[in-house]
Enquirer: 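Dropping a structure here in structure tokens format, bear with me for questions.
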Amino acid sequence: MENKLQLYNTLSGQKELFKPIADGHVGMYVCGPTVYSDVHLGNCRTFISFDMIYRYLLHSGYKVRYVRNITDAGHLEASLAGKSKLDQLEPMEIVQKYTVGFHDIMKMFNNHPPTIEPTATGHIIEQIEITKNILDKGLAYESNGSVYFDVEKYNQQENYGELSGRKIEDLISGTRDLDGQDEKRSPLDFALWKKASPDHIMRWPSPWSSGFPGWHLECTAMSTKYLGETFDIHGGGMDLKFPHHECEVAQGKANNGKQPVNYWLHANMLTLNGQKMSKSTGNTILPMELFTGDNTIMDKAYHPMVVRFFMMQAHYRSILDFSSQALSAAEKGFIKLMSVLKDLDSMKTSSNSSEDVQAIINSFYTAMDDDFNTPILLANLFEAATYLNKVKAGSSTISKDDLEKLSKEMKAFVFDVLGLDMVEEAGSNQLDAAMDIILELRMKARADKDWGTSDLIRDKLTEAGIVVKDGAEGTSWSAN
RNA sequence: GGUCGGUUGGCCGAGUGGCUAGGCAGAGGUCUGCAAAACCUCGUACAGCGGUUCGAAUCCGCUACCGACCUCCA
């Protein structure tokens, strides 16, 4: 397999050539959502980014095991307890509700499901086993029924902070006073197992107490179980880099003495009004609010595919700001690209091509091999689109072979890699038939130079959301 | 306060030590009965101040502003 893919590894702070552990196979773990409330659009960006990455790995010929967890009630006892009393719901009912909702949204965004989607609550035993093992290694200690990871002791033999670039001295000096610190030897220590207070609904028996696993342990347990002690790619949102992923590195090394992940990838934040989208601050918009237009931020409703296209126009490691203006610009670009793709099958061919088609195709791969540079890919796709429009207009030519090649690659990159899809209008056979009749009548009127009738038909259709275009090969129409 | 990142033309958003990003919007033109679409042409953008260099928006330093993380968070 050709190996040209460069990706930016947070661990090294630079782009590296991607070399999987097992030739032709990739193990990838992505931190999934917490399912105690609706996923907001910012969460979705991360999952869409890694869906694109997953898709390009597949397109590159890799066999990928893609694990993305569901963080269910395991870590959320306290908040779930309060909320479930309020809603009169069982914790697992809340989890179920939001898991289903999450899947629905992911499907609308045309995300592939991961190949394994494990839940934290389904891996309590594995988490207890890792906790035991880290205790045995002397890198954790029990305190009042809870077990904490001993960061300072770990740091004597390893480097706590290697992923996020933090120094343990800075972390200690910058620590704030928080509740419940008295059980810990150091404020940096984090829980592997937490003793449940009496009002916690969900709890599991363990050698130390009736309680629940610590905040960072589930990902270590599930990634190790399904991908091995060291695996290729770990992804997640930038905000998880510290402390969550740092703790995963520490836990993994403490547990089996190996660097758990070769390539750490971090997707950047989606902002709204220049601030990070966040549940706690209320600076969010829900996907459904965006799709239906039922919100105060956007001027109209936007299709999930337009939103996805908008996100693909920015690099996954860049902060992207969400606004009505930016989105409506993206919508027009999306429609333009899609209309060229629709024309591909009816393109006129010549004996030779006026452009170097292979070079155009190569540019798609070069863009994506450079740390999944989707904005460059899209720029190159638009260059291809302009070329094809020239062919359509008769000012450029393309050979039959080249058209087949280009068509195949453009469709592959737009549909398979970027994960975009044609927005199918709610058209029906009846509508098609009716439009055929209407356009035939209009054609007669135009033949008779009865412009009044012809324009009346077109204007009324435009009002009804159907755009009529008179081209060289006849009249076409499209509905919004 | 500590650590890290950003500041690109009207808007969004890539990239690079010297050579067109791309999309949207705008101006003019071609085509068209008109329109739409498409095509052609048009903007001399890179926060500010210094420095390195034959040459910097791209490298270095300082300043200003913005953001992320440091606490659950994609």
Side-chain angles (χ1 to χ4, degrees), chain A residues 13 30-34 36-37 39-50 71 75-76 78-79 161 164-167 169-176 178-179 188 215 235-244 246 266-271 274-281 284 309-310 313-315 317-337 339-340 343 367 370 373-383 385-386 388-396 446 449-451 454-455 458-459 462 467-472 475-478:
Chain A
V30 173
C31 289
T34 49
Y36 65 99
S37 62
V39 281
H40 67 247
L41 198 64
N43 303 91
C44 292
R45 184 187 182 201
T46 296
F47 302 129
I48 290 169
S49 292
F50 283 101
T71 297
H75 302 171
L76 306 163
S79 51
S164 57
R166 282 155 208 268
K167 293 186 180 66
E169 309 83 61
D170 297 342
L171 288 168
I172 293 166
S173 66
T175 309
R176 304 174 193 178
L178 294 168
D179 294 339
L188 296 183
W215 288 261
M238 202 72 98
D239 50 352
L240 295 183
K241 189 159 70 175
F242 188 89
H244 184 58
E246 194 67 60
H266 288 99
N268 220 136
M269 300 291 100
L270 187 65
T271 61
Q275 303 284 131
K276 176 188 163 184
M277 275 198 201
S278 159
K279 279 170 196 167
S280 51
T281 60
T284 60
F309 175 88
F310 169 71
Q313 276 192 311
H315 188 92
R317 282 194 292 113
S318 296
I319 293 168
L320 177 62
D321 193 58
F322 204 74
S323 71
S324 210
Q325 203 180 12
L327 209 56
S328 70
E331 183 175 49
K332 286 176 184 158
F334 173 74
I335 290 167
K336 180 177 174 178
L337 185 62
S339 79
V340 171
D343 290 340
D370 183 13
N373 198 324
T374 56
I376 295 287
L377 171 62
L378 278 168
N380 294 339
L381 284 165
F382 274 107
E383 301 272 1
T386 298
L388 289 166
N389 276 327
K390 283 190 213 173
V391 171
K392 197 180 166 196
S395 59
S396 288
R446 293 183 72 216
K449 296 198 192 299
D450 178 3
W451 310 125
S454 151
D455 289 351
R458 186 175 61 199
D459 293 346
T462 303
V467 179
V468 173
K469 290 180 236 176
D470 297 318
T475 300
S476 63
W477 62 277
S478 57

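As a basis for the values below, the full set of heavy atoms in this structure was taken, side chains included, without hydrogen atoms, waters or symmetry mates. Given the structure is predicted, the values throughout are model-derived calculations rather than measurements.
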Enquirer: Hey, which sits more toward the 5' end of RNA chain B by its nearest nucleotide, A:A314 or A:F47?
Expert: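 Its nearest nucleotide being more 5', the pick is A:A314.
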Enquirer: Looking at the base of B:A35, is there any donor atom on it, or on the side chain of A:R458, that sits under 3.5 Å from an acceptor on the other one?
Expert: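 By the distance-only test, yes, there is a pair.
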Enquirer: What's the gap between B:U30 and B:G23 when it is taken at their C1' atoms, as a whole Å value?
Expert: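 Looking at atom C1' only, B:U30 and B:G23 are 23 Å apart.
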Enquirer: Looking at the base of B:C12, is there any donor atom on it, or on the side chain of A:D321, that sits under 3.5 Å from an acceptor on the other one?
Expert: no
Enquirer: B:C73, B:A14, B:G33: which one has an atom nearest the side-chain heavy atoms of A:K276?
Expert: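 Looking only at side-chain atoms, A:K276 lies closest to B:C73.
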Enquirer: Any chance you could lay out the ring pair (Phe, Tyr, Trp, His ring centres under 6.0 Å) test for A:F334 and A:F310, step after step, and finish with the verdict?
Expert: CA-CA 8 Å; A:F334 173 74; A:F310 169 71; over 10 Å; no
Enquirer: Return the pairing partner of B:C59 with a 3.5 Å limit on both distances, Watson-Crick or G-U wobble; otherwise return none.
Expert: B:G51
Enquirer: Which one, B:C72, B:A74, B:G23, comes nearest to the side chain of A:F382?
Expert: B:G23
Enquirer: Taking CG from A:N268 and P from B:G13, how many angstroms apart are they, rounded to a whole number?
Expert: 12 Å
Enquirer: From B:A74, B:G67, B:G13, pick the nucleotide closest to the side chain of A:I319?
Expert: B:G67
Enquirer: Say you pick atom P in B:A68 and the same atom in B:G28; how far apart are they, in whole Å?
Expert: 42 Å
Enquirer: Taking 4.0 Å as the cut-off, does a side-chain nitrogen or oxygen of A:S323 come that near to OP1 or OP2 on B:C11?
Expert: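 No.
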Enquirer: Hey, are A:D455 and A:R458 close enough for a salt bridge, meaning a charged N less than 4.0 Å from a carboxylate O?
Expert: yes
Enquirer: Rounded to whole angstrom, note down the P distance from B:G26 over to B:G10.
Expert: 15 Å
Enquirer: Out of curiosity, A:Q275 CD to A:D321 CG, how far, rounded to the nearest 0.5 Å?
Expert: 9.5 Å
Enquirer: Please say whether more than 12 non-hydrogen atoms of neighbouring residues, nucleotides or ligands are located less than 6.0 Å from NZ in A:K392.
Expert: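 Open: at most 12 neighbouring heavy atoms sit under 6.0 Å from NZ of A:K392.
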Enquirer: Taking only the side-chain nitrogens and oxygens of A:K390, find out if one of them lies under 4.0 Å from OP1 or OP2 of B:C40.
Expert: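 Result: yes.
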Enquirer: The side chain of A:K336 is closest to which nucleotide in this list: B:C24, B:G2, B:G22?
Expert: B:C24
Enquirer: Which listed nucleotide (B:A74, B:A14, B:G33) is nearest to the side chain of A:N373?
Expert: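 Among B:A74, B:A14, B:G33, the one nearest the side chain of A:N373 is B:A14.
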Enquirer: Are A:W451 and A:R446 side-chain neighbours, meaning at least one heavy-atom pair lies under 4.5 Å?
Expert: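 The answer is yes, as the side chains (C-beta and beyond) meet within the 4.5 Å cut-off.
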Enquirer: Between B:G33 and B:U41, how far is it from one P atom to the other, in whole Å?
Expert: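 Comparing P positions in B:G33 and B:U41 gives a spacing of 25 Å.
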Enquirer: Please give, in whole Å, the distance from B:A68 P to A:L270 CG?
Expert: 12 Å
Enquirer: Between A:D470 (CG) and B:U32 (P), how many Å, whole number?
Expert: 13 Å
Enquirer: Please state how far atom CG in A:L378 lies from atom C1' in B:G22, giving the value in whole angstrom units.
Expert: 8 Å
Enquirer: Counting C-beta onward and ignoring hydrogens, is there a side-chain heavy-atom pair between A:H40 and A:L270 closer than 4.5 Å?
Expert: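 When only atoms from C-beta onward are counted, A:L270 and A:H40 do not touch, as no gap falls below 4.5 Å.
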Enquirer: Pick the C1' atom in B:C46 and in B:U8, then give their distance to the nearest Å.
Expert: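 Here B:C46 and B:U8 have their C1' atoms 4 Å from each other.
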Enquirer: Could you pick out which residue, A:G333 or A:T386, lies toward the 5' side of RNA chain B when each is mapped onto its nearest nucleotide?
Expert: A:G333
Enquirer: Answer with yes or no whether A:S454 presents, from its side chain, a donor or acceptor under 3.5 Å of a partner atom in the base of B:G33.
Expert: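 Yes.
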Enquirer: If the C1' atom of B:A56 is compared with that of B:A35, how far apart are they to the nearest Å?
Expert: 48 Å
Enquirer: Compare the minimum distances between each of B:G22, B:A38, B:C69 and the side chain of A:R166, then state the nucleotide with the smallest one.
Expert: B:C69
Enquirer: Is the shortest side-chain N/O distance from A:N389 to OP1 or OP2 of B:A38 below 4.0 Å?
Expert: no
Enquirer: Can you confirm whether the side chains of A:T475 and A:D470 place a donor and an acceptor under 3.5 Å from each other?
Expert: yes
Enquirer: Should the side chain of A:N380 and the base of B:G22 be counted as holding a donor-acceptor pair, with the cut-off at 3.5 Å?
Expert: no
Enquirer: Please tell me which of the listed nucleotides, B:G2, B:C69, B:A36, lies nearest to the side chain of A:D170?
Expert: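 For the A:D170 side chain, the nearest candidate turns out to be B:G2.
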Enquirer: Do any side-chain nitrogens or oxygens of A:K332 fall under 4.0 Å of OP1 or OP2 in B:A25?
Expert: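 Looking at the OP1 and OP2 atoms of B:A25, one of them is under 4.0 Å from a side-chain N or O of A:K332.
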Enquirer: Quick check on B:A35: is either OP1 or OP2 less than 4.0 Å from any side-chain nitrogen or oxygen of A:T462?
Expert: no
Enquirer: Measuring to OP1 and OP2 of B:C34, would you say a side-chain N or O of A:K449 lies under 4.0 angstrom away?
Expert: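 Indeed not, no polar side-chain atom of A:K449 lies that close.
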Enquirer: Can you find a side chain N or O atom of A:Q313 that sits less than 4.0 Å from OP1 or OP2 on B:A14?
Expert: no
Enquirer: Name the closest nucleotide to the A:A329 side chain, picking from B:C69, B:A38, B:C24.
Expert: B:C24
Enquirer: Go through B:C73, B:C12, B:G33 for me and flag the one nearest to the A:A326 side chain.
Expert: B:C12
Enquirer: B:C12 P sits how many Å from A:F309 CZ, rounded?
Expert: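 Atom CZ in A:F309 sits about 16 Å away from atom P in B:C12.
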Enquirer: Does a nitrogen or oxygen in the side chain of A:Q325 sit under 4.0 Å from OP1 or OP2 of B:G10?
Expert: no
